[in-house]
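The structure under discussion appears below in the form of structure tokens.
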Amino acid sequence: MEKLPPSSVSATVDFDADGIQHGFLKLPFSHDASAWGAVMTPITVIKNGDGPTALLTGGNHGDEYEGITSLLKLTHTLSTKDIQGRVIVIPMMNQPAVDAGSRVSPIDNGNMNRAFPGHPYGSMTERMADYFTRHLIPLCDTALDIHSGGKTLDILPFAAAHRLSDKAQESRCIEGAKLFGAPFCFYMEEMDPTQLYDTAVESQGKVFVTTELRGGGTTTPETIQMADRGIHNFLVYSGILKSHYLPPSSSPIELEIPHAECYLQSEHNGILELCVALGDTIEKGDLIARIYSTERTGQQPAQYHAETSGIIAARRHSSKISLGDTFAVLAKAIA
């Protein structure tokens, strides 16, 4: 096994100290504007004695704002007297991407959620992923990573967990996802889980919950309320927040994305006309989308029909579409 060198990331907070600390994860970054510069990722640690640790993250992708907003709010509202244990809050995992308002880092085009487990000699994004893998994840008992669809997707608001080989761990993750309190609870199969933050956390035996809270590169009062409530409930579930659960208006509807074929991808370039709406129930053979070529007029559009029944769980937000873009995701009711 490769023996890895120390991380180049350093923390200005003491993870073992009681109280509230606001600081940075500092990653040296030499560039034209600052020869001895650094990427400064804000971090808050709130600790009150012994107890479990929750790692709360947002901004894994820089154009997904529910997690960023609600976690920034948490850093100035959560008090040590409210908790027993430790809460580590990183509202902007990929700080350069958040600064740029983009999904990926402008420094290295790095997608944080495709960079794990990372490497201390890798790109800037891989170096930060390595710090999470080797230093932050081992500190936590539970982890919540808040996503939404960003600029390119609109998604039914859900909390989710994955099917795992360790069924006891899977059960704990699913329980946390249900208690988050989003309108939907998903059992997910990712298109490619190998380099996800999710997988890095789960492989260390931790409880992991992720979310998708709509999208479009913006927030709404409804989605922020979901995130605020979900963070509260996750900390109660983690055994840290000394409070009661905040119930949603109704129990979450349980759905499953059972395999990668549920992600419907374009085989054409052009303009997308979706013929179904988010949340629609469809049957095999139903028309889902048309894609019109922009190369010339008078051409019939390419038509995409459902190859299985399901519920439209996610849709492409932009109408401009390219070969390989996912334009819809199907989910199925839990039998």
Side-chain angles (χ1 to χ4, degrees), residues 25 27 29 31 39-42 56-72 90-118 122-133 143-160 186 188 190-201 208 210-220 223-224 227 257 260 263-266 269 272 274 278 313-329:
L25 302 177
L27 173 58
F29 174 42
H31 54 100
V39 174
M40 306 286 283
T41 301
L56 309 179
T57 52
N60 194 325
H61 297 126
D63 61 349
E64 301 174 3
Y65 294 106
E66 281 78 8
I68 296 170
T69 306
S70 289
L71 290 176
L72 285 171
I90 303 174
M92 295 155 287
M93 278 180 82
N94 195 337
Q95 179 69 28
V98 175
D99 284 345
S102 62
R103 181 174 177 84
V104 301
S105 170
I107 294 173
D108 56 8
N109 204 37
N111 183 336
M112 178 69 76
N113 212 31
R114 304 295 186 274
F116 283 86
S123 68
M124 299 298 286
T125 304
E126 290 170 331
R127 292 182 186 211
M128 185 58 76
D130 169 71
Y131 183 80
F132 269 84
T133 299
L144 171 66
D145 190 33
I146 302 176
H147 287 259
S148 55
K151 294 176 182 176
T152 65
L153 293 169
D154 192 9
I155 306 174
L156 288 178
F158 67 78
F186 273 53
M188 289 192 69
E190 302 284 355
M191 288 181 66
D192 181 9
T194 53
Q195 293 180 283
L196 295 180
Y197 176 52
D198 316 34
T199 303
V201 177
F208 181 80
T210 188
T211 75
E212 296 288 356
L213 303 179
R214 295 301 303 257
T218 188
T219 66
T220 67
T223 58
I224 293 298
I257 301 176
Y263 297 83
L264 308 182
Q265 294 178 311
S266 173
N269 298 315
L272 171 68
L274 274 170
L278 198 64
R315 54 152 289 171
R316 181 169 173 80
H317 186 68
S318 171
S319 292
K320 182 72 173 66
I321 194 166
S322 298
L323 189 72
D325 289 340
T326 294
F327 61 85
V329 180

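A heavy-atom distance below 4.5 Å is not found between the side chains of N269 and I321. Considering only heavy atoms from C-beta on, T41 stays 4.5 Å or farther from L27 through its side chain. Proximity of M93 to Y197: side-chain heavy atoms (C-beta onward) are separated by under 4.5 Å at one or more points. Under the 4.5 Å side-chain criterion, counting only non-hydrogen atoms from C-beta, F132 is in contact with T57. Side-chain contact between F116 and L196 is absent, with no heavy-atom pair separated by less than 4.5 Å. Taking the side chain as every heavy atom from C-beta outward, I257 and V329 approach each other to under 4.5 Å. Side-chain contact between T211 and L144 is present, with at least one heavy-atom pair separated by less than 4.5 Å.
Of the N and O atoms on the side chains of E64 and H147, at least one donor lies less than 3.5 Å from an acceptor on the other residue. In the model, T210 has no side-chain atom that pairs as donor or acceptor with a side-chain atom of D145 under 3.5 Å. Using modelled atom types, one finds a donor on one side chain and an acceptor on the other under 3.5 Å when comparing D108 with T125.
In this pair, F186 and F158 present their aromatic rings parallel. The plane angle is below 30°, not in the 30 to 60° band.
Note that the NZ atom of K151 and the CG atom of D63 stand 5.5 Å from one another [nearest 0.5 Å]. Distance CD/E126 to CE/M112: 10.5 Å, rounded to 0.5 Å. Atom CG of D198 sits about 3.5 Å away from atom CZ of F208, to the nearest 0.5 Å. To the nearest 0.5 Å, atom CE of residue M188 and atom CD of residue E212 are 6.5 Å apart. Here the straight-line distance linking atom CG of L274 with atom CG of L278 works out to 10.0 Å at 0.5 Å rounding.
Closest of all the heavy-atom pairs between I68 and P91 is CG1-O, 3.4 Å. In terms of heavy-atom proximity, G101 sits nearest to Y65 at CA-OH, 3.6 Å. The two residues S105 and A97 have their closest heavy-atom pair at N-CB, 3.9 Å. What you find for H61 and N113 is that their closest heavy atoms are NE2-CB, 3.6 Å. Closest heavy-atom contact between I155 and A314: CG1-CB, 3.8 Å. Scanning all heavy atoms of the two residues, the minimum distance from L213 to E66 falls at O-OE2, 3.4 Å.
A donor-acceptor pair is defined here as one N or O able to donate and one able to accept, closer than 3.5 Å; no such pair exists between the side chain of S148 and the backbone of G215. The backbone N or O of P193 sits less than 3.5 Å from a side-chain atom of T199, completing a donor-acceptor pair. Side chain of D325 to main chain of S266: no donor-acceptor pair is present (N/O by atom type, distance under 3.5 Å, no hydrogens or angles). With hydrogens and angles disregarded, no donor-acceptor distance shorter than 3.5 Å links the side chain of R315 to the backbone of D154. Under a 3.5 Å cut-off, the side chain of R316 and the backbone N or O of K320 do form a donor-acceptor pair. Under the 3.5 Å distance criterion, the side-chain polar atoms of T223 are matched with a main-chain donor or acceptor of T220.
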Report task. Start with the C-alpha distance between D99 and Q95, add both sets of side-chain angles, then the distance that settles side-chain hydrogen bond (donor to acceptor under 3.5 Å, both in side chains), and finish with yes or no. Result -> CA-CA 6 Å; D99 284 345; Q95 179 69 28; 3.1 Å; yes
Report task. Begin with the C-alpha distance, continue with both residues' side-chain angles, and end with the deciding distance and a verdict on side-chain contact (heavy atoms from CB on, under 4.5 Å) for L25 and I90. Result -> CA-CA 9 Å; L25 302 177; I90 303 174; 4.0 Å; yes
Report task. Would you please test R114 and V104 for side-chain contact (heavy atoms from CB on, under 4.5 Å) and show each step? Result -> CA-CA 10 Å; R114 304 295 186 274; V104 301; over 6 Å; no
